[in-house]
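Following: one structure in structure tokens, then a few remarks.
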Amino acid sequence: MAKPLRAFDFDSAIARKPGASVVKGLRAGGQEDPDFEAVVAEHDAYLDALRDAGVEVQVLEPLEAFPDSIFVEDPALVFQEGAILLRPGVGSREGETAAIAPVLRDRFGRVLELASGYVDGGDILTTSDRVMIGLSARTDRDGAESLMSCLAELGRKGEIVQTPANVLHFKSDCSLIDDTTILSTQRLAESGVFSDFETLIVPEGEEGAANALRINDHVFLGEGFPGTSALLERAGYKLVTLKTSEIAKIDAGLSCMSLRWLSQSQP
Ligand code: CIR
């Protein structure tokens, strides 16, 4: 009998190698530049973890002109039924959409485009019954409404919500860890957006842990979050802990380094 599809069952992913320019990636605070070799090491370990979890990864060549282009999650959104080209809401990243478009046209039978406005993929949380779109400094209402139309074309239900103030992306503060459970920061959960879900709240001071990533039977978690790690282990999740201290210097976490989807129906 076919097993029911879960929103975190993936067999395919796209990633992009970091170019030397990654050390000049955007950051909202005054963090120092990351070390290039250390970013490469974190990225390589992440790709290995995806492969170990059963995902086939297409790795694209670096794009030196776009320092943040290793964060392939932001210019597009992918599902089994098709891809959507987004428009990142910061000028230096807008060209990343045109760079990834041919790859998606090659991999997906249907590729839709945002009619207007701005949306960063980091603001999108896909759950089993809806796609949550967090308004933020990068994702505006015009973009969110255009995305709702694209989602409707793909037969997906969208919901427009609010990213907390001064948080880069909606998913900086949350992740889906099973079909009914969200790992969230307190500040996002208390806004009530997850009233239809169970929530696990990361301890105060570990807000960076909320950008975890459920891949098939494992939860990828950033290193250095002992409280969150204990919380998830107690709840029975199988953890893969990955170093993210270099990419954190350019405001990134675990979800942003891949586009993930299920291309085959599971047996
Ligand atoms: C940026 O500010 O756009 C990058 N430095 C970080 C993007 C992280 N993306 C994500 O979490 N989806």
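Atoms within each ligand, like the ligands themselves, are counted from 1 in listed order. Keep in mind the model is a prediction, meaning the values are calculated, not measured. Each residue takes its place number in the sequence, starting with 1.
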For Arg27, which part has a heavy atom under 4.0 Å from ligand 1: side chain, backbone, both, or neither? neither
Does Asp120 reach ligand 1 with a nitrogen or oxygen that is under 3.5 Å from one of the ligand's nitrogen or oxygen atoms? no
Distance-only N or O hit between ligand 1 and Asp251, under 3.5 Å: no
Would you please determine whether Lys171 falls within less than 4.0 Å of ligand 1 on a heavy-atom basis? no
Atoms of ligand 1 less than 4.0 Å from Gly122 heavy atoms? 12 (N)
Ignoring angles and geometry beyond distance, decide whether Ala252 reaches within less than 3.5 Å of ligand 1 through its nitrogen or oxygen atoms. no
Is there at least one pair of N or O atoms, one from Gly253 and one from ligand 1, spaced under 3.5 Å apart? no
Answer yes if the side chains of Glu64 and Ser21 hold a donor-acceptor pair under 3.5 Å, and no otherwise. yes
Which residue holds the protein heavy atom closest to atom 10 (C) of ligand 1, what is that atom called, and what is the gap in Å? Cys256 CB, 2.9 Å
Between Ser255 and Glu73, a side-chain donor and acceptor under 3.5 Å: yes
Starting from atom 6 (C) of ligand 1, what is the nearest protein heavy atom, named by residue and atom, and what distance separates them? Ile250 O, 3.3 Å
Could you see which bit of Asp68 sits under 4.0 Å from ligand 1, with heavy atoms only: side chain, backbone, both or neither? side chain
Is Lys171 salt-bridged to Asp74, going by a charged N under 4.0 Å from an acidic O? no
Ser255-ligand 1 polar pair, N/O distance under 3.5 Å: no
Of the protein's non-hydrogen atoms, which lies at the shortest distance from atom 1 (C) of ligand 1, and what is that distance? Arg138 NH2, 3.6 Å
Students should be able to answer this: which protein heavy-atom is nearest to atom 9 (N) of ligand 1, and at what distance? Asp74 OD2, 2.9 Å
